[in-house]
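As structure tokens, the structure follows; a few thoughts come after it.
Whatever order the structure lists them in is the order used to number ligands and atoms, beginning at 1.
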Amino acid sequence: MAKHRLQEIVDELHTRYAHCDEGEVATYIPELGKANPKDFGICIATADGRIFDAGDSDRVFTIQSISKPLTYGMAVEAYGRDKVGRHVGVEPSGDAFNSIELESGTNRPFNPMVNAGAITVSALLYQHYGSEALEVLLSRFSAAAGRTLAVDESVYASESRTGHRNRAIAYLLLNFGMVEEHVDAALDLYFKQCSILVNSRDLAVMGATLANLGNNPLTGEEVFDIECVKDMLSIMFTCGMYDYSGQWAYRVGVPAKSGVAGGVLAVVNRQLGIASYSPPLDARGNSYRGIEVCVDMANELGLHVFDCMNEGSSYLKAILE
Ligand SMILES: NC(=O)CC[C@H](N)C(=O)O
């Protein structure tokens with residue numbers, strides 16, 4: 001039987017970038033520095049539950065900032081958009097992910113995709129769920145991935161021991177009333193959510209769950225409320241790749257989120273979850289190969305939301321038939 005076009009493309013892209021050695025593995029969280037820079041996995045999950053993968057797509061790594069859109073969706077679900085909006089904005093910051101800058105006038109973090117915004121969101125979740133927050137979060141992430149996920153205790157301990165900058169950000173947020181008391185518990189939740197172990201396949205299925213309006217296409221489980229999915233994807237589109245978000249929208253043109261362990265998750269609305277894993281990062285903290293793979297895939301499959309091949313998603317629809 002002929003290879004499916006999506007299997008062909010993941011295989012081609014894996015071969016194309018297999019020997020690329022650009023980028024540096026993150027070491028500011030010491031445990032992340034142990035990653036093998038050669039690890040490289042790509043996975044596509046379709047909104048109707050098919051999987052196409054290549055390379056080390058089963059290799060686990062910590063989700064890091066790719067947790068941020070998921071916790072944001074959970075907070076919007078728990079509190080509603082207005083209340084969450086009083087604590088965190090929706091504007092791209094144009095700054096690095098760990099910037100201490102807050103929005104002038106409101107003192108809110110710019111958006112939930114940078115650390116300041118994500119810590120605020122974790123604080124809201126802690127306030128809502130108390131000591132059960134981690135369990136609630138793990139079960140939601142697991143439902144999105146379609147398998148039981150767990151925290152990598154050594155990455156968590158490593159970040160908790162060295163995360164002074166995030167601690168400073170959290171106390172600044174306390175000073176401005178963006179987070180309330182329990183700062184240390186909120187930070188602990190944030191460090192743990194970043195340390196959840198996933199593989200590229202898990203991320204792709206999470207992406208397919210978002211693409212499929214919040215319903216996991218492999219398990220049939222309703223994971224996220226449809227209104228929250230709209231908010232999650234909007235913010236991933238404008239802010240998901242930090243200070244590369246403008247270029248990403250220009251070159252790839254779909255919502256996405258990266259993490260410092262080397263994961264990238266992209267979503268083609270109603271159609272695909274795309275994930276890659278490659279630990280070496282560029283200067284902005286995005287996986288070097290992850291960006292290249294997504295740029296090429298977007299060009300070759302006409303994924304960009306404004307691509308002329310993408311009229312009514314017809315090109316991809318035909319491939320998916
Ligand atoms: N960009 C990232 O993935 C950052 C997440 C990391 N846990 C941090 O807070 O620094």
Side-chain angles (χ1 to χ4, degrees), residues 23-35 60-72 88 92-101 109-123 125-126 134 137-138 141 149 151-173 179 183-184 186-198 200 202-203 206 235-236 239-245 248 256-266 275-291:
E24 297 293 331
V25 174
T27 52
Y28 77 98
I29 298 173
E31 199 64 20
L32 294 185
K34 296 183 180 166
V60 290
F61 53 93
T62 51
I63 189 167
Q64 298 297 340
S65 287
I66 305 170
S67 62
K68 294 171 179 174
L70 307 180
T71 51
Y72 174 67
V88 56
S93 67
D95 287 322
F97 69 87
N98 58 2
S99 166
I100 295 189
E101 205 77 21
F110 280 90
N111 65 69
M113 303 294 111
V114 292
N115 289 7
I119 292 168
T120 305
V121 166
S122 302
L125 290 177
Y126 184 79
L134 179 66
L137 200 146
L138 267 172
F141 282 33
L149 302 177
V151 168
D152 180 323
E153 294 295 338
S154 43
V155 174
Y156 157 67
S158 182
E159 180 163 6
S160 175
R161 200 176 58 246
T162 56
H164 309 307
R165 189 176 175 108
N166 284 330
R167 233 167 243 120
I169 291 172
Y171 278 89
L172 188 69
L173 292 165
V179 310
V183 192
D184 293 314
L187 270 165
D188 199 57
L189 180 62
Y190 172 76
F191 293 146
K192 283 186 174 137
Q193 84 182 45
C194 289
S195 302
I196 293 173
L197 282 169
V198 289
S200 312
D202 296 326
L203 286 184
M206 287 174 167
I235 299 199
M236 286 165 74
C239 311
M241 304 298 282
Y242 315 119
D243 43 342
Y244 188 76
S245 297
W248 177 274
K257 188 73 204 80
S258 62
V260 282
V264 174
L265 165 64
S276 73
Y277 171 56
S278 167
L281 309 178
D282 65 13
R284 292 180 167 101
N286 296 317
S287 165
Y288 187 92
R289 284 198 280 204
I291 290 186

In terms of side-chain heavy atoms, does [X] have a donor or acceptor partner in [Y] at a distance below 3.5 Å?
X      : Y      : result
Ser154 : Asp152 : yes
Lys192 : Ser195 : no
Asn166 : Asn115 : yes
Glu101 : Ser99  : no

With the criterion set at N/O pairs under 3.5 Å, what does the list of contacts between the protein and ligand 1 look like, atom names and distances included?
| residue | atom | partner | partner atom | Å |
| --- | --- | --- | --- | --- |
| ligand 1 | 1 (N) | Ser65 | OG | 2.9 |
| ligand 1 | 1 (N) | Tyr242 | OH | 2.7 |
| ligand 1 | 3 (O) | Ser65 | N | 3.0 |
| ligand 1 | 3 (O) | Ser65 | OG | 2.6 |
| ligand 1 | 3 (O) | Val260 | N | 2.9 |
| ligand 1 | 7 (N) | Gln64 | OE1 | 2.6 |
| ligand 1 | 7 (N) | Glu159 | OE1 | 2.9 |
| ligand 1 | 7 (N) | Glu159 | OE2 | 2.8 |
| ligand 1 | 9 (O) | Asn115 | ND2 | 3.1 |
| ligand 1 | 9 (O) | Glu159 | OE2 | 3.1 |
| ligand 1 | 9 (O) | Asn166 | ND2 | 2.9 |
| ligand 1 | 9 (O) | Tyr190 | OH | 2.6 |
| ligand 1 | 10 (O) | Tyr28 | OH | 2.5 |
| ligand 1 | 10 (O) | Asn115 | ND2 | 3.3 |

| message | Do Tyr28 and Val260 have side chains that approach each other closer than 4.5 Å (heavy atoms only, starting at C-beta)? | response | yes
| said: Can you list everything that forms a ring-ring contact (aromatic ring centres under 6.0 Å, His included) with Tyr126? Sequence neighbours excluded, please. | reply: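 Per chain and number, Tyr126 pairs via ring-ring contact (aromatic ring centres under 6.0 Å, His included) with His182.
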